[in-house]
Each structure stands twice: as C-alpha cells, then as structure tokens.
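Below is one structure; the comments refer to it alone.
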Number of protein chains: 2
Amino acid sequence: MKRKITLKDIAKELDVSISTVSKALKNSNEIGFDTREKVQAFAKLYNYKPNNIAVSLQNSRTKHIALFIPEIVHDFFTTVLKGVEEVAHKNGYNVLVCVSNESFEKEVLSMEMFARGGIVDGFIISLSKETQLKEDYNHLIEIENQGMPLVMIDRITDKVISDKVIVDDMRGSYTAISHLINQGRKRIALITTEDYISVGSLRKKGYKKALADHDIELDERLILTINNIEDSDKAIEKFIRETTFDAVMGVNDVFAVVAMKALQNQGKKIPEDVAIIGFSDGKLLKYAAPTISAVNQHGDEMGKAAAQMLIDRLESDKEAENYKTTVITTTLIEREST
Amino acid sequence: MKRKITLKDIAKELDVSISTVSKALKNSNEIGFDTREKVQAFAKLYNYKPNNIAVSLQNSRTKHIALFIPEIVHDFFTTVLKGVEEVAHKNGYNVLVCVSNESFEKEVLSMEMFARGGIVDGFIISLSKETQLKEDYNHLIEIENQGMPLVMIDRITDKVISDKVIVDDMRGSYTAISHLINQGRKRIALITTEDYISVGSLRKKGYKKALADHDIELDERLILTINNIEDSDKAIEKFIRETTFDAVMGVNDVFAVVAMKALQNQGKKIPEDVAIIGFSDGKLLKYAAPTISAVNQHGDEMGKAAAQMLIDRLESDKEAENYKTTVITTTLIEREST
DNA sequence: TATACACACTCTAACGTTTTCGTGTTGATA
DNA sequence: TATCAACACGAAAACGTTAGAGTGTGTATA
C-alpha cells in the first residue's frame, strides 16, 4: 500500500514549512518565485493531489451531490442521471446515486444520513411513490431548514418550497391528445396511474383539457387507472377487450406497448384501427413494430437543468430565496403508430 | 443555515470532555453508565450524527465506492448499477457513479482524481471501448499499486490482475446457438461488434464453438461485424437483404430487434422463417412483437457480486492477493422468436 | 498503613488541509 | 545610523473526530 504523498512530505523533503508548500501550490505571491517553482515541480513529479477529505473538512464542502431517484431501471430516470452526471462532472462535482425503490423509508433514512453526516452539499430528488402517497415531506423540509440546497425534479410537491425542474406534463399530454384528435380520432382512451403520482395526474388533466377544448365529451370509461403495477399487463388486456376506442395514450412506454400488443392480438391494425401514443425517452417505443409515437420528456435536459440549478445555488453565497421552477418542454415524436 | 451539532457542542453542554462524549456514544465501558445514558439521550434529542468527513479523515476510509460504466442509458449497465447500489447501501457504503461515455480520457482522468484525492475507497469498473481498443491499462495498474481495491466487471482485460466478475459470455452464446441448432436451424447468422470488445469476441467464440460441436460448417459471410454503432441499423438492413439464413443472434438487444424488423419488412415470419435471439436484461426484447428470446446476463447479480467482492476486500485487512474471478451464469429466456 | 488497582474521566496527538497572524531578513529612505 | 516597508516564509489554530496515554479518585488487598 503506497501511502499517498502529503503537503507534509513535500515540506520535509524541500525543507520548508507546510504552509509554504500549501501557498506555493496555490501560486500565492506571498511565496518567492523560486520556491514556488521548486515546490510545484516537486509536486508534479510526485503526482501530488490534495486530499479531498481534508479540504472538505476545512471548508465543509464535499463537492458531492446526491441524486435520489425512485427507480433506476427506467429509461427516463436513466437519462436524468446521465444529464446530472454530465454537468456535475463538468463543474467538479461528483454524483452519489440513491435509488429509493419507491420506498418512503429508504428515501428518508438515506436523506437524513446524507444530510447530517455532511456527505453531500446538496440534493436532487424525484419523489418515491410512497412519499407522494403519504404526503409526508418532513425530511425535505428538514433539509431546507439545515440550509442545504434541494432541487426537486419530475415527481414533485408544492408542499415543499424549493427549486424545481419539471416537464410540462399537462401540455405534453394536451399536445399528444390534440394530435390524435386532429387526425380524426374521436374515442381516445387513456391508461394512467393513480392520481397521487403528480405526473400521472397532470397528464390526465392535459388529456381532459384537450378533449374539452375540442368539444369531445369525456367518457370516464375510457380511462384505465392502473393501481397495481405488477399485473398491469392483465389489467390492460382486460380493458382492451371490454372497451372500444380509436386511439389510446399510455402515460409511460410500457403501458403503450402492452396496449398495442393486446390490440394487435385482437386483430386491430395500428394505426389504421387504433392510434397509439406513449410517454418515453427510451428505446421501447422507438423499436416497437410499428414504431410508437411518443411524448419525449427529455430526461437528460431535466438532469442537466437540475444539476446546474443546484450548483448555482451552491456556488452563490447569497441566502436568496428566489426559488425557481424550470419547465422543460416536451416534444412530440411522431412515429408510425399515429 | 442551522449549524450542525458536534461532539464539542454536546461536551460543552454536558460539561464533560469531547473524548468522553465520543466514547459514551460508542458505548465504551471506559465511561460510567450514568454518563453514557446522559450523553446518548442528549445526542438523540438533538439528533446528533457524526460528521463523516472528520471520521473519514481520521481513519482514511470514506465509505464511498466508485462505479465506472461506459454508458448509462443501457439496460445492462443500469441493472448493474442497481445491484451495486443495493449491496453497497446494505453495507453502509455509498456509490459514486462515473459514466465514461466510452472515453479513455474521461476514464483515466476521473479515476486518477478519485484515487489520489482519496474520494473513494475502491473501484468497480467496466472498461470503455476506447480503453479496450488502446489496450492502455496503466491507470488501473496504478490504482492497484496504490493498494486500492479494484473489481473489474463485464468488459475486462487479463492484462490487469484484480478481482473480476464476468458473465459466461461464451457459454451463454454457445447455449443460445445450440438451442437454435436443436430446433433444426442450419444457417445461423451472428450480428456482433468488433473483436476488441471483450464480450463481443467471447460471444463470437461461443457461436463458433457451438457450430463446430454440431458439425455445422462456419460460413464467415453469416457474421456481420458492426463497426460504427451510429449506422448499425442500415448495416443490419443491408446484411439482411443480401444474406439468407434461418436464424440470427444479436450480441445485444438493439441488434436483435432491428434485425427482426428488417426481416419482417422483407415479409419473413418470425419464428417460422427465421428465429431470433438477443442478449439483454431489459424490456426491449420482452415487449417486442413477437417477443424475442434472450440470453439474460443478470446485470443485477453482477453488480451485487462485484460490490460484495469489493467490500469484502475493503473490510479484510489482509494484504492477500488471492484474486478471484466470479462467473455469473447467463440464462436463456425462451420467447416467441425461437 | 502502604500498595495496588479498577474506575471514570481528561489530555493530547493525529488525520491533511487552509488561512491568519507573526517574524526575521532585506534594501531603501531620512 | 535609525526607521520602515516590502518580502518571504513559519507558527499555529481550526475543521470534527478517534484512540492511546495519562490522572485523580476511591476501594480492596497484604
């Protein structure tokens, strides 16, 4: 185990004090030119890198940020992570990933440990389902009280005041449904999640508004609410067997593709008999046969925006409370299914 | 900004020394029972959590591990991350994610900074393509020389001696091809990556061995090597137009699904005319129409195994060099395409 | 009554930095 | 020759913790 070289080592070797070395490496003009040169050359030669932990202890900044996501095996959150990682690294920050697995408890526990332990400087979080269901946001409020920056993304709550990055879910949904209507679809079904999930409910709102604005009467029977993700496949199949419509939107990629398969099994032609649209940043809809139109949420953009907001907050010393909410605009990707 | 409570605060408040508090919290019987009780109660009341940075500085262990992956928007690596995160958290470790984006430079730079800066205690890495192409592994060797544990996964090299977790790529491929042969397929195509990618070349080996063992003559024209991932779609379509076969295996999920679509466009029936099989842990093949058989690599198992190996190494004090290579067995998931 | 020793603490150094303040040496100025 | 900056550097405290080495009691042993 080769011990790492420290300021002390350099100091001893060059017969100067530790502070001189420290200053010389920072090119402080408090130190003579010759000494600076000498120290820097030596440090370079021995590949000296300051011990981050010591630096952190000194200025109580770790240069780490935490990203909490409910689920990692999910195209959207994956792209978010990619975006966060990119701008974090560009700014010299590292990303600690915590997957809550939709569990309130894990979210709370990890968050508290990260915060009180001084492990990270700030948080980016997308709420777990359980948290949204319980509506218990004390851990987030506690974070804020401690003065740690927090950026909420995608699955947010307005019970907590903080920076936020969201997608224009309602608008995305509205646009998608309008697109279907403009193509002459009359009976448009929606496969969605339960209302407590913020994005799901917003998408439903967009759906309803689009119908209303185009004078199509809302038929609640055309809305399928999945309450148990485990057997969503069966629920969707049953729904499709028992309901007739000429278009359907799923609030994610799996719902859309499962619906398509069920329809195809029924002998329906896509898009002739039924048009399909989903929400997704991933490959599932892109490579389906036929390819399925999608509302793209631009997870990477969200990640980038969130990371940038967080870092800005961290680097600015002002206590300012001008919290911002950035809205990422979705784009409709038209494919064969519509 | 509420300052965090420290040992010193507790000590002052309770009029004892800092060390007494420290020991009391650790339930050291060097401290009287009453004092212990008092300190612990107080700490609990004020929700004291030790400052991790100070602890890290003290024992030069950060309880952080780094996971280097070439690409995050990729089902396999996503499941790996999930596995790593799970066992890391279970053992009190945090995961720093670094996405190399297949870039040698980013891999090297990040790695050096993580190592010399004392940011993490150990590494789990899957090599970037560029690294595998260059065959320059000095950064990894350097890590090992520093005495930092390193676990290589999936995309590995035997130029570096370390713990490893791999999948039985060759065997997985062999089994898949044998499965096709047993179904009576005679002309089996392979869509693969260039040889410098370790897993791709192993899968090709398995393919060849399976053919040989079943007395099927190898026809090099049935092997398509994708050298530019950007226009793999076109390359695959061209290949399918110009080549005839009754089965095809893709070394990943996209190759398989693109091949299927191209075949279907040609009017081929799956699996009647052509059987298809891919490598994947994700949803793409599962939700394709028809569903596509897959060699499942169990990324989560790999992640778990790798994290466990790394942590074992970190927690054991012995300098032992009995490096192990864990092989995760792939499983063949038979679906409609075969 | 001297000795030993367990007990319950406190002191101190250490981890590797950064930064403020202090200090000895120059060379220039009055 | 006394005075005073400017210069180049060192000493020390601080960040929050841990752990080994003291220290001062009180009680049991010889």
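Because the structure is a prediction, the values reported are computed rather than measured. Naming: A, B, ... by sequence-line order, numbering from 1 per chain.
Using five terminal pairs a side, the axes of the helix from C:dT1-D:dA30 to C:dA30-D:dT1 at its two ends make an angle of 80°, given in steps of 10 degrees.
The nearest whole Å value for the distance from the CD1 atom in B:I18 to the P atom in C:dC11 is 10 Å. One atom, CG of A:N29, and another, P of D:dA6, lie 13 Å apart when rounded to the nearest Å. Rounded to an integer number of Å, the gap from B:R61 CZ to D:dA19 P is 13 Å. Atom CG of A:D34 and atom P of D:dC7 are 15 Å apart (whole Å). The CG-P distance, from B:N27 to C:dA8, rounds to 13 Å in whole Å. Nucleotide D:dG16 holds its P atom 16 Å from the CG atom of B:L25, rounded to whole Å. Here the P atom of nucleotide D:dG16 and the NZ atom of B:K4 are 10 Å apart, to the nearest Å.
Under the 3.5 Å distance criterion, the side-chain polar atoms of A:D15 are left unmatched by any main-chain donor or acceptor of A:A11. With B:T326 contributing its side chain and B:V165 its backbone, the two residues share no donor-acceptor pair below 3.5 Å. At distances below 3.5 Å, not a single donor-acceptor pair connects side-chain atoms of A:K82 with backbone N or O atoms of B:I72.
In terms of polar N and O atoms assigned as donor or acceptor, the side chain of B:S19 comes within less than 3.5 Å of the base of C:dC11 in a complementary pairing.
Looking at B:S56 and B:Q58, their side chains never come closer than 4.5 Å, going by heavy atoms from C-beta outward. Counting heavy atoms from C-beta on, the side chains of B:E86 and A:N101 never come closer than 4.5 Å. Under the 4.5 Å side-chain criterion, counting only non-hydrogen atoms from C-beta, A:I119 is in contact with A:M113.
The residues A:K63 and A:D121 are annotated as not salt-bridged, no charged nitrogen and carboxylate oxygen being separated by less than 4.0 angstrom. B:R116 and B:E142 are joined by a salt bridge, as a carboxylate oxygen and a charged side-chain nitrogen come within less than 4.0 angstrom of each other.
Under the rule for a side chain to side chain donor-acceptor pair (under 3.5 Å), the partners of A:N47 that lie at least two apart in sequence or sit in another chain are A:K49.
Looking at residues 41-60 of chain B, you'll see B:L57, B:Q58 sit with a heavy atom under 4.0 Å from some atom of DNA chain C. The stretch residues 6-14 of chain B touches DNA chain D through B:T6, B:L7, B:K8, each having a heavy atom under 4.0 angstrom from the strand.
Counting non-hydrogen atoms of neighbouring residues, nucleotides and ligands closer than 6.0 angstrom, the OH atom of A:Y196 exceeds 12 such neighbours. Crowding of B:L133 atom CG: a count of heavy atoms from other residues, nucleotides or ligands under 6.0 Å exceeding 12.
Residue A:T20 places none of its side-chain N or O atoms closer than 4.0 Å to OP1 or OP2 of D:dC9.
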Just list the side-chain donor-acceptor pairs under 3.5 Å for residues 151-160 of chain B, sequence neighbours left out, or say none.
| unit_1 | atom_1 | unit_2 | atom_2 | d |
| --- | --- | --- | --- | --- |
| B:R155 | NE | B:L127 | O | 3.0 |
| B:R155 | NH2 | B:E102 | OE1 | 2.5 |
| B:R155 | NH2 | B:E102 | OE2 | 3.0 |
| B:R155 | NH2 | B:L127 | O | 3.2 |
| B:T157 | OG1 | B:K159 | N | 3.0 |
| B:K159 | NZ | B:E135 | OE2 | 3.4 |

Would you tabulate the nitrogen or oxygen pairs shorter than 3.5 Å linking the protein to nucleotides 21-26 of chain C?
| unit_1 | atom_1 | unit_2 | atom_2 | d |
| --- | --- | --- | --- | --- |
| C:dC21 | N4 | A:E30 | OE2 | 3.4 |

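Separating the NZ atom in B:K12 from the CG atom in B:D9 is a distance of 6.0 Å, to the nearest 0.5 Å.
Here the side chain of A:S22 is nearest to one of D:dC9, D:dT17, C:dT18, namely C:dT18. Closest approach to the A:I31 side chain among C:dT18, D:dT18, D:dC9 is made by D:dC9 (side chain taken as heavy atoms from C-beta onward).
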Between B:S128 and B:E107, is a side chain to side chain donor-acceptor pair (under 3.5 Å) present by the stated rule, with each step listed?
-> CA-CA 7 Å; B:S128 78; B:E107 187 176 299; 3.3 Å; yes
